[in-house]
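Okay, structure first, notes after.
What you are looking at is a predicted structure, and each value in this text was computed from that prediction instead of being measured. A note on names: the letters A, B, ... follow the listed sequences, proteins ahead of strands, and every chain is numbered from 1.
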Number of protein chains: 2
Amino acid sequence: MAQPIPMRPFTDSLPMALLRARESTMQHFRTLLAKSELTEQQWRVLRALASRQEAYEVTELAERTALLAPSISRIVANLDDRGLIVRTTVAHDQRRARLQLTRSGRALVRRLAPESEAIYNSIEEHFGADRLADLMAELKDLAETVGHKITVEGEVS
Amino acid sequence: MAQPIPMRPFTDSLPMALLRARESTMQHFRTLLAKSELTEQQWRVLRALASRQEAYEVTELAERTALLAPSISRIVANLDDRGLIVRTTVAHDQRRARLQLTRSGRALVRRLAPESEAIYNSIEEHFGADRLADLMAELKDLAETVGHKITVEGEVS
DNA sequence: TATTGTTATACTCTATAACTATA
DNA sequence: TATAGTTATAGAGTATAACAATA
């Protein structure tokens, strides 16, 4: 008989808990996005662009959406083809790109907004708005704490 | 000037908060797994198999690891090729497969366990063990609440 | 006829490196 | 020489459908 491995149970895994929570949540949004032929990542880009007036540059957008630059490049090309965003170059630095929603892109986000908010509201209603706010705060803190300077034997990150 | 879209700010997005928390956490584990040429999903399968004595069947394992059956099939084929798991058929129902770690697979999990636990302990130390336990409980509850019966206008899920 | 699991297909993302253009 | 962004490449997962074998 194999000896038990000294390790916390799989069910107690933090990454799994985060994954399940995310999948459960996203499933509702994905249903919505699929109607407009949008992937989750494309939606992240559109959402980010819609969330502020100024244009984004690629690097900035990558950081903001937690996507890699090559992924952004492809997504941006796709959304550009579909007329949802425009790329313009910056006058004083021709390497940089300015990314912005087109009127059509903005209209799309605006069209999806009510259903997206409805999903959110439903989650808040079922789970509790206060609890959800607390949870979000803890998640942010965890990301910051763990992202910055966790040190493990043999690893310095 | 475009009118603002009635939608919560991108930064307040629950899926983004979950994603960032997960990515920050997983980055540490991925560093560990990469040394053994394991993807995150392969590790989930190994972890699940290591977590109990009885063999898993494919459907069961898919549910447990939050992977789709086709993904499991490929992962299992890969781990089988590497001699980390074995597939045997069930006597009374030849459609079913029984999946188990080999001695070598068990040894691999056992070898990675200490570092994995060290990462966990470090997270607990920095974030707080109690806070982490609370967070995990809330995540489980969110997954359950949202996964089961969230109803949104036009969608019944 | 329903179920378990595999295979096929198309698409997308991840991750890294190489490359182009510009600064 | 360094930086911003794109392109190339390899690998893998997602999702759906079709299929084979078995019940």
In this structure, are over 12 heavy atoms from other groups packed under 6.0 Å from A:Arg52 atom CZ? yes
Using a 6.0 Å cut-off, check whether atom CG of A:Asp81 has over 12 heavy atoms from anything other than its own residue. yes
Looking only at side-chain N and O atoms, does B:Arg96 come under 4.0 Å of OP1 or OP2 in C:dT3? no
Quick one: do B:Arg82 and B:Asn78 satisfy side chain to side chain donor-acceptor pair (under 3.5 Å)? Show the steps, please. CA-CA 6 Å; B:Arg82 292 159 75 173; B:Asn78 176 302; 3.3 Å; yes
Which part of the nucleic acid, if any, lies within reach of B:Ile72 when heavy atoms closer than 4.0 Å are counted: base, sugar-phosphate only, or nothing? nothing
So what does B:Arg44 hit on the nucleic acid, given a heavy-atom distance under 4.0 Å: a base, only sugar-phosphate, or nothing? nothing
Between B:Tyr56 and B:Arg64, is any side-chain donor less than 3.5 angstrom from a side-chain acceptor? yes
Considering only side-chain heavy atoms of [X], which listed nucleotide, [options], is closest?
X	options	answer
A:Gln94	C:dT6, C:dT22, D:dA23	C:dT22
A:Val58	D:dG5, C:dT12, D:dA15	D:dG5
B:Leu67	C:dC13, C:dA23, D:dT14	D:dT14
B:Thr39	D:dT14, D:dA12, C:dG5	D:dA12
B:Leu68	C:dG5, D:dT16, D:dT22	D:dT16
B:Pro70	D:dG13, D:dA15, D:dG5	D:dA15
B:Arg95	C:dT4, C:dC13, D:dG13	C:dT4
B:Asp93	D:dA4, C:dT6, D:dT22	D:dT22

Let me know, please, whether A:Val90 or A:Ala66 comes out on the 5' side of the other along DNA chain C by nearest nucleotide. A:Ala66
Position toward the 5' end of DNA chain C (nearest nucleotide), B:Ser73 or A:Glu40: B:Ser73
When the distance from [atom1] of [X] to [atom2] of [N] is rounded to whole Å, what number comes out?
X	N	atom1	atom2	result
B:Arg74	D:dT14	CZ	P	9 Å
B:Met26	C:dA15	CE	P	10 Å
A:Arg98	D:dG5	CZ	C1'	16 Å
B:Glu23	C:dT14	CD	P	8 Å
B:Glu63	C:dG5	CD	C1'	17 Å
B:His92	D:dA23	NE2	P	9 Å
B:Leu38	D:dG13	CG	P	11 Å
A:Arg30	D:dT14	CZ	P	9 Å

Between A:Ser71 and B:Gln42, name the one whose nearest nucleotide on DNA chain D is closer to the 5' end. A:Ser71
Step by step, would you call B:Arg96 with B:Thr89 a side-chain contact (heavy atoms from CB on, under 4.5 Å)? CA-CA 6 Å; B:Arg96 298 178 134 80; B:Thr89 46; over 6 Å; no
Is any NZ, NE, NH1 or NH2 atom of the basic residue among A:Glu57 and A:Arg98 found under 4.0 Å from an Asp or Glu carboxylate oxygen of the other? no
